[in-house]
Amino acid sequence: MRHRHQEKLARNVLAFSISLIGITMPVAAIADLPNDEVLQLITPESEIELGAGKVSRDSFKFGDYTGLNKSDLHGIVNFHIVNRDKESARYYEIIGRNLGLDSRTLSIEGGQQGNYDLRFDYGELPKLHTDSYQTPYLGAGTTRLTQPAGITDGANPAAMAGLAANMQSFDVKTKRQTLGLGLTKLLPAGWDIAFNYKRENRDGTKLTAGVIQIGAGGSRGAVILPEPVDYTTDQFEAVARFADEKMQLQVGYYGSIFKNANESLTWDNLYTGTGNTTGRYGLPPDNQFHQINASGGYAISKDTRLTGALSYGNMTQNESFLPYSTGGFMPATASLNGKVIATHASLKLKSRLAPKLNLTAGYRYDDRDNRTPVNQYDYYTADRDAGGTGTATNALRRWNTPLSSTKQGAHAELDYHWTHATKLKAGYDYHHVKHTHEPTNKDQEHTVKAEVHHRFNEQFSGGLGYAYSDRKASTYFGAAPMDGTYSSGYMATLCDAGNSFSYQGVSTACTGAGTGRTYPWLEAPPLRKYFLADRKRDKLRAFADFSPTDRLDLQFGVDYKDDRYPDSEAGFGLVGATGWAANVDASLRVSDAVSGFAFATLEEYRTDQQGANISGAAQTTGAEQNTLADTQRWLVSTRDRIFTMGIGFRVKPGGKYELGGDFIHSYANGRTSFNAGTGVTTAPLPDLISRLNRLELFGKYWLQKNLALNVRYVHERFSSADWAWDSPLGLTSSANVVGTNMTSPNYKVHAIGASIAYRFQ
Amino acid sequence: MMFRGGNTMKFMRTIGFLLTLFGVAGFATSAHATREADPKAKDIVLKGDAKCTGCHDEADEPLPSMLDIKPGVLRIGRTKHGVQGDKRTPTCTNCHGESLDHNNHKGAGKPPLPDRVFGKVGQSAASVRNEACISCHQGGKRIHWQSSAHESGDVACNSCHKVHTQHDKVRDKATQSEVCFTCHKEQRAQMHRLSTHPLRAGGMACSDCHNTHGSTGPKLLTRNTINETCYTCHAEKRGPFLWEHPPATDDCMTCHTPHGSNQPTLLKTRAPYLCSSCHLTASGHPNQIRTGVGIAATGAQAQIAFKACLNCHTQVHGSNHPSGPRFAR
């Protein structure tokens with residue numbers, strides 16, 4: 001239904017655009033290209049481009065975001081029509097791009113410059129996830145996925161009779177359609193007001209999965225599903241602004257209202273057992289955000305300026321809850337009544353302390369105050385009819401833990417022009433975070449940084465920058481968040497009798513047996529979550545610019561970043577993340593008519609994480625005390641190495657023709673490697689590969705002074721390999737997940753286009 | 001009605017008349033061998049521009065005229081800065097300075113450079129160049145320009161903007177990133193990876209997330225925080241949810257990288273390794289390493305095959321299902 005509506009809307013937009021061209025054409029005919037050279041130089045130029053293009057074969061990945069996924073003939077319709085009446089200051093500007101494709105955009109702006117402006121925008125953007133996905137369900141794309149009669153439930157995918165025969169291809173894609181309206185009006189005495197409205201519809205499907213209980217407990221089965229997407233987001237902005245030489249102010253309102261036309265996704269259970277016949281999960285709930293904000297700047301003196309901002313926002317969400325399971329059983333509260341207050345304040349000072357010395361300093365405060373009510377929920381692990389609800393001693397009784405945080409930061413930077421050629425910078429940043437329901441209560445980070453830029457001569461300049469950060473968190477206690485979300489009775493079962501623990505400040509006796517724990521925990525105590533853990537960070541940047549002649553520019557750059565988590569080195573979790581990138585760029589102007597460029601970038605991003613295989617009471621004790629034998633420990637290293645290079649040329653002799661071409665090559669290799677003790681079984685994973693080669697050639701031939709023929713040719717090859725989807729994995733490889741027959745994208749396409757561009761003034 | 005053809009014709013006739021006058025004036029002064037501005041010269045585009053174009057446009061002078069030297073500067077007439085009907089429109093000297101030495105230069109030699117030089121040769125300091133723009137463009141989205149990373153990095157307005165041309169690449173969504181990538185080369189390379197935002201396709205611009213003129217957010221983001229910026233396009237992940245996943249609530253960049261990734265959905269690292277860097281238990285399935293052992297034609301492990309952890313825990317951005325504390329519903 002929505003698709004038909006979209007197509008109709010798209011056609012209407014296209015028709016509207018063409019009619020606009022029609023309206024403006026008589027004007028164009030009047031103006032045409034003036035003969036006088038000066039008049040031609042000072043009069044705005046408009047252009048209409050019409051033509052056709054063809055892609056050699058269908059390819060989802062090639063058409064991702066561009067709309068060039070079909071091999072059908074497509075129209076090339078672009079225009080940019082502008083008119084400015086220099087005396088009355090009235091103007092309009094109409095820009096249409098890719099109107100023959102699903103990535104079309106249209107913007108119309110007009111008004112009287114210095115008085116008011118009106119704006120209208122329309123845009124479409126296709127996101128094409130995959131066209132190799134297959135599903136066993138009927139009703140793909142809707143909120144109800146039904147089992148075809150030809151498939152019989154099974155304990156696992158291999159046992160689901162008729163599964164392979166009933167798999168059907170389904171394109172997983174979404175399209176965004178945006179509509180924007182804007183008004184700006186200048187008022188007397190330095191004020192102006194602006195209103196902006198944007199509606200975005202996102203429609204289609206994305207890939208997700210659903211899980212359901214197999215049998216009465218323990219085992220669960222999943223199916224990879226197409227999730228229907230039918231989102232509407234309305235954004236409103238109203239601002240009043242003031243500006244004079246000394247002071248600038250802005251006060252405004254921003255509102256964002258998200259609505260999801262779909263409440264939930266329900267699918268038939270393909271797994272045998274005592275579970276429900278259907279599974280269901282909730283889709284993103286409707287929510288709203290309203291914010292009032294103000295910002296301003298004030299020139300205290302010629303050399304000192306103060307700026308600041310304040311905002312107060314309110315996020316709410318109150319969508320009706322779904323039942324605990326498709327068997328019914330509603331929670332005691334009908335909806336969340338979720339509410340978060342987001343407050344921001346910041347202040348910045350920029351001052352020239354001395355002719356060669358500048359100071360920049362600032363403070364910022366961001367608070368997320370989550371005022372969502374806390375309630376008890378006796379949940380079901382996965383959809384099923386019977387048993388398993390929460391009790392005072394099991395893990396299924398939970399309380400929600402609304403997350404709040406307060407972040408504060410301060411910074412100061414001195415900037416000293418030592419000589420005309422040398423500039424030095426030194427700075428300090430401080431960051432402090434407090435948060436709730438986390439293994440740490442707070443952390444603080446200090447950063448010192450320095451930078452030097454030097455111009456050696458007219459041809460050669462360079463710079464070097466370094467920053468060191470040290471983040472220290474409060475005492476890390478991985479079990480801390482459990483206090484707020486589990487019952488004391490359940491937590492007591494997690495540790496061996498004879499021990500005790502503090503539950504919300506009350507000493508509570510352990511009741512478990514053979515758990516291997518002296519206190520209740522779920523995540524291994526030596527584990528440090530990297531976004532909360534102590535961290536040391538080095539950042540280094542170096543660059544050099546070299547212009548040996550007026551015609552040649554060379555640029556070199558290196559960026560390096562290294563994060564280390566010392567506590568994880570001693571325990572578990574992310575030990576380090578290191579990234580670096582090296583760039584070389586060259587641009588050459590052979591003559592005024594011929595130019596070229598080349599660049600290359602080599603990047604690497606690497607992570608190392610430590611862990612251990614833990615099972616049984618003895619190993620659990622070892623994990624708690626961080627005394628696990630090396631035989632159980634492992635290290636996983638992931639490394640992405642990417643090489644990207646490009647070359648291009650432009651020939652603009654100023655006569656009848658222009659030529660150009662670009663070639664881009666990108667090769668990415670993602671390697672995962674394991675280093676494990678003898679008690680851990682590992683096997684290598686294949687590398688993740690993606691390789692892109694793109695050649696683009698384009699030319700313009702002026703048939704007349706104001707009429708040009710444009711031609712464009714693109715050849716693009718993309719190949720990729722992803723062990724998570726490719727062979728040997730198949731439809732029935734896993735006992736707990738129904739496969740999709742999906743493969744990594746690979747394509748080789750040629751695309752050509754020819755168009756006529758008419759210019760007028 | 002916004003457009004009035006009659007006005008255009010009238011304007012063109014006026015321009016033509018002025019140019020005719022200008023031609024006559026140029027002829028009358030042709031006997032002079034020096035490069036003085038002709039006091040009788042008429043403005044071409046801007047109020048008072050004759051002070052500059054009057055000298056440079058003496059077409060019959062043996063020395064090259066503005067049309068010969070830099071005809072492109074007249075293209076300012078095609079832009080908003082060339083609209084005299086807007087009383088805020090500046091003239092040449094508002095941006096380039098009064099340039100008295102340059103203007104009063106007599107003789108056949110090269111005159112001194114204007115007070116404020118935007119070109120490559122003899123270019124004024126970034127702060128000097130920026131003064132010209134800031135004098136008019138300091139309000140609204142540019143309130144925080146001073147003390148922004150670009151300002152303190154000596155980026156000048158004309159490093160990115162072209163004032164004398166109708167098509168300012170950085171103000172066009174389809175071409176903006178080309179300008180940004182002249183400095184941000186790492187991001188340029190990242191745009192060619194497997195998973196990206198639609199910048200290369202022109203469906204999005206750097207300025208959709210970043211306010212390059214200074215902002216209250218980190219990394220020059222358009223809004224106060226990273227998440228607030230992401231929610232402008234991904235409002236479905238905003239919540240607040242019944243069950244919140246701390247890294248997602250705190251900072252989208254804990255798991256994602258914004259400009260391009262070799263992993264799906266702009267993830268820094270893929271599941272299960274991204275997940276196992278924070279989840280290691282003594283029971284249940286996050287209690288062991290997942291390796292190539294789990295990738296097999298039969299007996300493949302659900303924790304590594306296909307969507308890995310997300311085969312079941314699909315709601316990692318938060319769940320509003322009463323049975324969703326494990327983000328599976």
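Naming: A, B, ... by sequence-line order, numbering from 1 per chain. Predicted, not measured: the structure shown is a model, and the values here were computed from it.
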Measure up the A:Trp723 and B:Tyr273 rings against each other and bin them: parallel (under 30°), tilted (30 to 60°), perpendicular (over 60°).
perpendicular

Please assess B:Glu236 against A:Asn287 for the test side chain to side chain donor-acceptor pair (under 3.5 Å), listing each intermediate value before the final yes or no.
CA-CA 8 Å; B:Glu236 76 277 9; A:Asn287 65 72; over 6 Å; no

Most contacts with chain A, counted as non-hydrogen pairs under 4.5 angstrom, among B:Ala328, B:Pro325, B:Ser261, B:Gly139
B:Pro325

Test item: B:Gln84 side-chain N/O and A:Lys86 main-chain N/O as donor-acceptor pair under 3.5 Å:
no

Any idea which of B:Ala201, B:Gly203, B:Pro246 has the most non-hydrogen atom pairs under 4.5 angstrom with chain A?
B:Pro246

Please check if the side chain of B:Arg329 supplies one atom and the backbone of A:Tyr324 the other of a donor-acceptor pair under 3.5 Å.
yes

dist A:Arg84:CZ -> B:Asp86:CG (nearest 0.5 Å) comes out at 10.5 Å

Would you check if there is a donor-acceptor pair between the side chains of A:Gln317 and B:Asn320 at a distance under 3.5 Å?
yes

Answer yes or no: is there a donor N or O on one side and an acceptor on the other, between the side chain of A:Asn613 and the main chain of B:Ile289, under 3.5 Å?
yes

Closest-packed option against chain A by number of heavy-atom pairs under 4.5 Å, given B:His192, B:Glu228, B:Arg75:
B:His192

Is it true that B:Arg193 and A:Glu603 have a side-chain N and a carboxylate O under 4.0 angstrom from each other?
yes

Should the ring pair B:Trp243 and A:Tyr377 be called parallel, tilted or perpendicular, given that the plane angle runs from 0 to 90° and is split at 30 and 60?
perpendicular

Answer yes or no for A:Arg305 and B:Trp145: cation-pi contact, defined as NZ/CZ to six-membered ring centre under 6.0 Å and angle to ring axis within 45°.
no

Strictly below 4.0 Å, N to O, side chains only: are B:Asp154 and A:Lys423 in salt-bridge contact?
yes

A:Thr638 versus chain B, the contacting section by heavy-atom distance below 4.5 Å:
side chain

Mark yes or no for whether B:Gln138, through its side chain, and A:Gln248, through its backbone, hold a donor-acceptor pair below 3.5 Å.
no

Report yes if some heavy atom in the side chain of B:Ile295 is under 4.5 Å from a heavy atom in the side chain of A:Leu729; otherwise report no.
yes

Do B:Asn311 side-chain atoms and A:Ala222 backbone N/O form a donor-acceptor pair below 3.5 Å?
no

Would you check if A:Lys339 and B:Pro240 make a side-chain contact, meaning some heavy-atom pair closer than 4.5 Å?
no

With a 4.5 angstrom heavy-atom cut-off, which part of B:Ser135 approaches chain A: side chain, backbone, both or neither?
neither

For the side chain of B:Ser323 and the backbone of A:Tyr380, is there at least one donor-acceptor N/O pair under 3.5 Å apart?
yes

Counting N and O atoms only, with roles assigned by atom type, does the side chain of B:Arg78 sit under 3.5 Å from a partner on the main chain of A:Thr43, one being a donor and the other an acceptor?
yes

Partners meeting ring-ring contact (aromatic ring centres under 6.0 Å, His included) with A:Phe242 (sequence neighbours left out):
A:Trp191

Kindly compute the distance separating CZ (A:Arg241) from CD1 (B:Ile143), expressed to the nearest 0.5 Å.
9.0 Å

Checking A:Gln235 side chain against B:Thr232 main chain: does a donor-acceptor pair fall under 3.5 Å?
yes

If I measure from the heavy atoms of chain A, does B:Gln166 come under 4.5 Å with its side chain, its backbone, both, or neither?
side chain

Report yes or no: is the cationic atom of B:Arg238 (NZ for Lys, CZ for Arg) closer than 6.0 Å to the six-membered ring centre of A:Phe289, at no more than 45° off its axis?
no

Are A:Arg97 and B:Asp172 ion-paired here, with the side-chain N under 4.0 Å from a carboxylate O?
yes

Is a side-chain N or O of B:Glu244 found less than 3.5 angstrom from the main chain of A:Pro402, in a donor-acceptor match?
no

Is there a donor-acceptor pair closer than 3.5 Å between any side-chain N or O of B:Lys185 and the backbone N or O of A:Gln555?
no

Check whether B:Ser276 gets within reach of chain A through its side chain, its backbone, both or neither, counting any heavy atom under 4.5 Å.
both

Within 45° of the ring axis of A:Tyr605 and under 6.0 Å from its six-membered ring centre, is that where the NZ or CZ of B:Lys268 lies?
no

